[in-house]
Amino acid sequence: MHANSLTLSQNPMHIFDQNYIQDPTQDSQCKTTPIQSQHNRIRLPSLFPLIARYRTPIAGLARRQASMARLSPPPGHVPISPAPHTEDTGGHPSAAKVRVPPDDLGHRSTLSETRGPPPLLFNAIIRGHSRFGSPHSVLQMFVQMLAIGLAPDHYTFPFVLKASADIPLFPLGQSIHSLCLILGFEGDRYVGSSLINMYVKCGDVGRARKVFDGMFLRDASCWNALIDGYMKTGDVRSAEEVFGTMRETERNVVSWTAMIAGYSQNGVADRALGLFDEFLMTVRSGCDGVRPNWMTVASVLPACAQAGALEQGRRIHRYATDMGLDRHVGVQIALVTMYAKCGSLRDAHSCFDRICIDDKDVVAWNAMITAYTSHGMGTEAVETFEDMIRSRVAPDAITFTSLLSGCSHGGLVDRGMKYFESMKANHNVEPRSEHYACVVDLMARAGRLDEALGIIERMDVEPGASVWGALLSACRTHRNLDIAEIAAKRLFMLEPENCGNYALLSNMYANVGRWEEAKRLRSLLKERGVKKSPGCSWIEINGKAHAFFCGKNDHPEMREIYMFLEDLPKRIRAAGYVPDISFVLHDVSEEEKECNLMTHSEKLAVAFGILRTRAGAVLRVTKNLRICGDCHMMIKFVSKVYEREIIVRDVNRFHCFKAGVCSCRDYW
DNA sequence: ATAGGGTTAG
């Protein structure tokens with residue numbers, strides 16, 4: 001072991017925690033150190049002792065020289081490296097000049113003395129692994145490169161950083177960063193944006209920002225990587241700030257797309273759509289060739305899907321067709337999902353059919369299976385799955401969550417159980433907590449609560465909140481308070497902030513007249529400061545969305561709506577409607593309770609739709625939460641009495657009300 | 001050769 005191989009504290013550039021350099025007493029030979037990654041255990045030869053070898057006065061000198069050269073190449077400076085310094089790369093030190101200290105066997109290796117592949121060849125191999133292999137294989141090659149004493153250059157780092165961003169393990173990325181600093185590549189724009197991206201993927205935007213702030217030459221990639229970083233952490237405002245700081249000429253397609261995608265993913269659908277339009281405006285006014293590409297379209301479509309904005313979605317579909325962007329499978333898949341989530345299964349299916357057979361990958365099939373599942377069409381979901389298997393596309397974990405949940409909603413209990421068992425056995429997909437949630441849901445919905453509980457007890461992975469949540473929700477339907485208490489107890493620990501669980505159990509107590517316990521839960525809810533997220537529903541009429549909030553009456557036509565709703569119970573009671581007051585949380589008198597129910601946002605939206613559209617028109621309502629049981633019942637009667645088809649999309653699925661029945665067969 | 005997209009769960 002070299003005494004000088006860990007001069008960390010003397011290195012003015014270090015921003016690293018010493019702990020990340022592993023056991024300095026270990027020899028610097030390639031040792032295998034297990035690294036815990038999120039899903040599987042991987043074994044990588046430890047990078048740390050290897051990197052430590054570069055941490056020497058010689059290497060440090062090379063770094064400083066490199067830094068100087070990059071900042072101000074001396075007049076008449078003739079680079080020794082084979083590749084002349086160019087403007088574009090900023091003049092990097094040649095790998096050949098970085099001398100690496102001898103390893104334990106006394107081999108002193110520099111490029112000139114090392115026989116074997118030159119770094120150029122290593123870079124090519126690493127690029128190949130980056131493209132076609134796994135992040136692990138990239139790192140393996142990188143380790144080999146270091147092990148024979150070759151110094152990576154500014155071409156090597158972007159791939160290696162991308163690989164460590166994909167893993168993503170903070171200490172791994174950080175130690176590679178440290179090597180970047182030692183070798184003097186921190187100023188490179190490619191390396192810089194890769195570093196930003198790596199820290200973002202490791203979940204540390206703060207460090208990403210630090211790298212960004214420390215760069216003197218920033219190109220669009222650095223800005224874009226930072227925008228993406230803020231969006232991924234849900235910090236929409238900071239992302240907006242960064243985007244706003246960029247000059248208009250600096251923004252490229254990626255900047256716009258990162259913003260639009262970020263809005264979509266953070267549930268700000270209206271801003272995603274707004275920015276997309278703004279983008280189109282700049283295209284029309286400017287002539288700099290920055291225009292939406294297929295990724296931009298694929299990023300804005302989820303916003304339409306989320307908002308249930310069918311008309312907007314159609315408009316963007318037309319735009320994509322006009323621009324020739326609809327031939328890309330990414331756009332086609334996004335279209336399937338958009339149409340499905342906007343309630344038009346027919347359009348979803350025709351988009352799916354138009355995907356050419358070679359392009360139908362697992363994601364495409366998943367989109368179609370999910371489309372059927374969300375519409376409660378279990379049989380069709382199963383058929384689509386079988387088609388998928390026949391066309392030899394291997395299903396993944398997502399395929400099975402969709403398929404199983406489709407079976408569950410479609411009441412296909414035995415079929416679902418069979419698929420669950422075949423997951424591991426025939427398709428080599430390991431069941432995870434969410435798959436257990438689906439089969440627990442499957443059993444529990446069918447009223448087989450004890451069996452469902454048995455499944456949970458025999459699980460070989462830790463049951464997550466969704467597993468217990470499925471059980472609790474079914475307990476309500478089947479009025480089993482004993483098992484509900486077991487499930488709720490777990491849920492209160494697993495997700496104390498979720499108000500739905502408290503509400504559900506409280507209502508169940510109230511239903512059987514155990515008021516004290518119901519009250520206790522409600523005060524617990526208050527005590528923990530759990531906020532009920534406000535119910536909101538919206539309906540698109542003539543391409544314009546009208547939003548309604550539970551209990552709020554700021555809509556200009558609220559008077560009319562309330563008059564309609566006041567009259568409604570009388571009309572539909574004749575058809576057999578009895579309000580179910582157990583869906584009200586508050587402690588109020590019976591009459592008041594009924595009144596509270598009447599302010600539910602989905603009722604307001606449906607009423608507005610009936611009032612504002614011609615007789616017989618289909619109503620499409622979207623709700624941010626799960627539909628309330630009383631509303632569900634009431635809308636069934638409305639569909640019968642007013643002879644309307646009413647499609648309500650709640651947070652889980654679609655409910656198509658027609659002639660007094662719902663497509664979910666009351667499995668909601 | 002860097003950055004961006006599409007599928008999921010009561």
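Residue numbers start from 1 in every chain, and the chains themselves are labelled A, B, ... in the order their sequence lines are given, proteins ahead of strands. In this text the structure is predicted, and so the values were computed from the model without any measurement.
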Regarding the side chain of A:Val254, the nearest nucleotide among B:dT8, B:dG6, B:dG4 is B:dG4

Considering only heavy side-chain atoms of A:Thr337, the closest of B:dG10, B:dT7, B:dG5 is B:dT7

Ignoring backbone atoms, test whether A:Lys201 places a side-chain nitrogen or oxygen under 4.0 Å from the OP1 or OP2 oxygen of B:dG4. yes

So, do A:Phe243 and A:Trp223 have ring centers that fall under 6.0 Å from each other? no

Among B:dG5, B:dG10, B:dT2, which nucleotide has an atom closest to any side-chain atom of A:Leu491? B:dG10

Rounded to the nearest angstrom, tell me the gap between atom CZ in A:Arg445 and atom P in B:dA9. 12 Å

Quick one: is A:Lys232 getting a side-chain N or O under 4.0 Å of the B:dG5 phosphate, OP1 or OP2? yes

Side chains of A:Asn293 and A:Thr296: do they bring a donor and an acceptor to under 3.5 Å? yes

Please give, in whole Å, the distance from B:dT7 P to A:Glu434 CD? 16 Å

Provide, to the nearest angstrom, the distance between the CD atom belonging to A:Gln306 and the P atom belonging to B:dT8. 12 Å

Under 4.0 Å, counting only non-hydrogen atoms across every strand here, what does A:Glu495 touch: a base, just sugar-phosphate, or nothing? base

Rounded to whole Å, the OH-P distance (A:Tyr419 to B:dT8) equals 19 Å

Whole angstroms only, please: what is the OH-P distance between A:Tyr372 and B:dT7? 18 Å

Under 4.0 Å between a side-chain N/O of A:Ser255 and OP1 or OP2 of B:dG4, yes or no? no

Nucleotide B:dT7, atom C1' - distance to CD of A:Gln265 in whole Å: 13 Å

With respect to the phosphate group of B:dT8, does any side-chain polar atom (N or O) of A:Lys341 fall under 4.0 Å of OP1 or OP2? yes

Are side-chain N/O atoms of A:Thr156 and A:Asp153 paired as donor and acceptor at under 3.5 Å? yes

Minimum heavy-atom distance A:Ser344-A:Arg314, with the two atoms named: OG-NH2, 4.3 Å

Mind checking if A:Ser193 touches a base, just sugar-phosphate, or nothing, with heavy atoms under 4.0 Å? base

Rounded to whole Å, how long is the line connecting atom CD1 of A:Ile398 with atom C1' of B:dT8? 5 Å

Could you tell me how far apart A:Asp228 (CG) and B:dT2 (C1') are, to the nearest whole angstrom? 13 Å

Could you tell me if A:Ser255 and A:Asn252 have a donor-acceptor pair between their side chains, going purely by distance under 3.5 Å? yes

State whether the distance check finds a donor on one side and an acceptor on the other, under 3.5 Å, for side chain A:Ser221 versus base B:dA3. yes

Out of B:dG6, B:dT8, B:dT7, which has the shortest distance to the side chain of A:Ile333? B:dG6

Nucleotide of B:dG10, B:dT7, B:dA3 approaching A:Asn252 most closely (side-chain heavy atoms): B:dA3

Which nucleotide in the list B:dA3, B:dT2, B:dG10 gets nearest to the side chain of A:Phe159? B:dT2

Taking the side chain of A:Ser473 as its heavy atoms from C-beta onward, which of B:dA3, B:dG10, B:dG4 lies nearest to it? B:dG10

Do A:Phe159 and A:Tyr190 have their ring centres less than 6.0 Å from each other? no

Sugar-phosphate only, base, or nothing, as touched by A:Trp294 at under 4.0 Å among non-hydrogen atoms: base

Going by salt bridge (charged side-chain N to carboxylate O under 4.0 Å, His left out), name the residues that satisfy it together with A:Lys201, two or more places apart in sequence or in a different chain. none

If you only use heavy atoms from C-beta on, which nucleotide in B:dG10, B:dG4, B:dG6 is closest to the side chain of A:His409? B:dG10

How is A:Ala437 classified with respect to the nucleic acid when contacts are heavy atoms under 4.0 Å: base, sugar-phosphate, or nothing? nothing

Would you state whether a donor and an acceptor, one from the side chain of A:Asn501 and one from the base of B:dG10, lie under 3.5 Å apart? yes

Given B:dT2, B:dG6, B:dT7, which nucleotide is nearest the side-chain atoms of A:Asp361? B:dG6

